[in-house]
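Take a look at the structure below.
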Amino acid sequence: MDLVIDFIHDNIVTKYTSLQPHATHTEFACVYLAGLTTSWFFSVLVPAVDYALFYTQKSKRDQRIKKIMIEHTEGQVAREIAISLKASFGLALIYLLPFWGIHKGYSMLYKDVTAYPLWYIPISIALFFGFTEFCVYWAHRLLHHPKLYAPLHKLHHTNSLWATPFAAFSFESVDSAFQGISYVCVPFVFPIQYHLLYGLLFLLMAWAASIHDRIHMTDVRLFNDAGHHFVHHRDFVYNYGQYFTFMDRLFGTYKDPFAEEDKTKAQ
C-alpha cells in the first residue's frame, strides 16, 4: 500500500495538481486514491481468476448440497462487478483515516522482522485469525438484524442469491466497511509484521472469492468454505463466519452443508 501511495503522490498528485507536496490534505488525497484504485483492481482481478479456475468447473460442485447447481441469473456478474466498483468510492473514504495512520507510522505495523522475536510471528497470525473471526462473525450477524439488513446487507443477498466469485466484494460501502473494519484495525490492536499483514489481506480476498465459487473444499467441518457459505446464501440464517465454523458452532448458527435444506424464507 505504501508503494501505491508514494507512486500516486510523486507521479500524479504533485505533478498534475496544485496540491502542496507532503501536506496533510495531499496525503489524504493520495491515500484515498490508493485505496480506491487497489480496491478496483483486486475486487475484479481476484474474483476473475477464481471464476475462471473454479466456478466454471461445474462438475466439481458437490451435489449433496441442495440447490448447488442452480445457475446465477442473466447479467448478475456485470451487476456484481458494478456494485463492487461503486462501493469502492465510499469504502476508500471510510477507511481513509486508518490507512493514513498506518502510512504515517501511527500503528504497530513493523517492517523489520527482527523487531520482535521470530516466535511472535505465529502468535500474531493466531491473533489475526482469532480477532478478525470474532469481529466478522458478529458484524455479519448484526447485518442480518431486521433493522440493518434491508438498508445495508440486502443488496448483497438479493443480487447474489446464487452467488458467483464476483459477489465477494459486491456490497454497499457501509456494509463492506462494517465487515472489514477489523482487518484494518489489526495493526492498531497488536503488533504485526508489514509483509505478513498484507499477505494475510490478500489471502482474505482470495478466500472471499473462494467461498462464493460453490466448490466445496473439504469435508473437514472446521473451515467455512464454499459449501458452508452457499448454505448461508440459500438459507440466510446460518454460517456467518469468515474462515472457520467455530463461532457459528459456539453461538448456535452453524449448519452442515449436507444437512437438508430449511424452509427458511428470504429476508
Those residues that, when tested against Phe89, pass ring-ring contact (aromatic ring centres under 6.0 Å, His included) (two or more places apart):
Trp40

To the nearest 0.5 Å, atom CG of Leu19 lies from atom CD1 of Ile12 at 12.5 Å

From Leu33 CG over to Ile8 CD1, what is the distance, rounded to the nearest 0.5 angstrom?
5.0 Å

Which is it for Tyr51 and Val77 under the side chain to side chain contact (heavy atoms under 4.5 Å, CB included) test, yes or no, and what are the steps along the way?
CA-CA 10 Å; Tyr51 188 97; Val77 168; 4.1 Å; yes

Does one side chain, of His228 or Tyr254, offer a donor that lies under 3.5 Å from an acceptor on the other?
yes

Can you see whether Gln20 engages His22 through a side-chain donor-acceptor pair at a distance of less than 3.5 angstrom?
no

Quick check with a 6.0 Å cut-off and a 45 degree axis cone: is Lys154 positioned over the face of Tyr149's six-membered ring?
no

Does Phe54 have more than 12 heavy atoms from other residues, nucleotides or ligands lying within 6.0 Å of its CZ?
no

Quiz question: by atom type and distance under 3.5 Å, do the side chains of Asp225 and His216 form a donor-acceptor pair?
yes

On the 0 to 90° scale, with breaks at 30° and 60°, tag the His156-His212 ring pair as parallel, tilted or perpendicular.
perpendicular

Return yes if some donor-acceptor pair links the side-chain N/O of Thr56 with the main-chain N/O of Ala52 below 3.5 Å, else return no.
yes

Between Thr253 and Tyr137, does any side-chain donor sit less than 3.5 Å from a side-chain acceptor?
yes

side-chain hydrogen bond (donor to acceptor under 3.5 Å, both in side chains), that's the test. Do Asn224 and Thr245 meet it? Break it down for me.
CA-CA 5 Å; Asn224 183 49; Thr245 61; over 6 Å; no

Does the side chain of His9 come under 3.5 Å of the side chain of Asp6 through a donor N or O and an acceptor N or O?
no

Test your reading of the model: is there a side-chain donor-acceptor pair from Tyr238 to the backbone of Gly252, 3.5 Å cut-off?
no

Could you check whether the rings of His72 and Tyr55 sit parallel, tilted or perpendicular, using 30° and 60° as the cut-offs?
tilted

Would you say that more than 12 heavy atoms from the other residues, nucleotides or ligands in this model lie under 6.0 Å from the CZ of Phe129, or not?
yes

Could you check, using the six-membered ring where one of them is a Trp, whether Tyr198 and Phe202 have ring centers closer than 6.0 angstrom?
no

Going by atom types alone, do His232 and His157 pair a side-chain donor with an acceptor below 3.5 Å?
yes

Which residues satisfy the salt bridge (Lys or Arg N to Asp or Glu O under 4.0 Å) test with Asp10, sequence neighbours excluded?
none

Where the side chain of Gln57 meets the backbone of Ser59, is there a donor-acceptor pair that is under 3.5 Å apart?
no

Could you state the interatomic distance from OH (Tyr120) to OH (Tyr110), rounded to the nearest 0.5 Å?
6.5 Å

Which residues pass the salt bridge (Lys or Arg N to Asp or Glu O under 4.0 Å) test with Arg61, sequence neighbours left out?
Glu71

Using distance alone, with no hydrogens and no angle criterion, decide if Thr132 and Gln242 have a side-chain donor and acceptor under 3.5 Å apart.
no

Taking salt bridge (Lys or Arg N to Asp or Glu O under 4.0 Å) as the test, write out the residues that go with Lys104, two or more places apart.
Glu27

Hits for salt bridge (Lys or Arg N to Asp or Glu O under 4.0 Å) against Lys60, two or more places apart or cross-chain, chain-then-number order -> none

Using distance alone, with no hydrogens and no angle criterion, decide if Thr164 and Arg214 have a side-chain donor and acceptor under 3.5 Å apart.
no

For residues 167-174, which side-chain donor-acceptor pairs fall under 3.5 Å, sequence neighbours excluded?
residue	atom	partner	partner atom	Å
Ser173	OG	Ala87	O	2.8

Ser39 versus Ser88, side-chain donor and acceptor atoms under 3.5 Å
yes

Aromatic ring pairing His153/His140, orientation class (parallel under 30°, perpendicular over 60°, tilted between):
perpendicular

Nearest heavy-atom approach of Leu203 to Tyr243 is C-OH, 3.9 Å

To the nearest 0.5 angstrom, please state how far the CG atom of Asp256 sits from the CG atom of Asn239.
9.0 Å

With rounding to the nearest 0.5 Å, note down the distance linking CG in Leu143 to CH2 in Trp138.
13.0 Å

Should the heavy atoms of other residues, nucleotides or ligands under 6.0 Å from CZ of Phe134 be counted, would the total exceed 12?
no

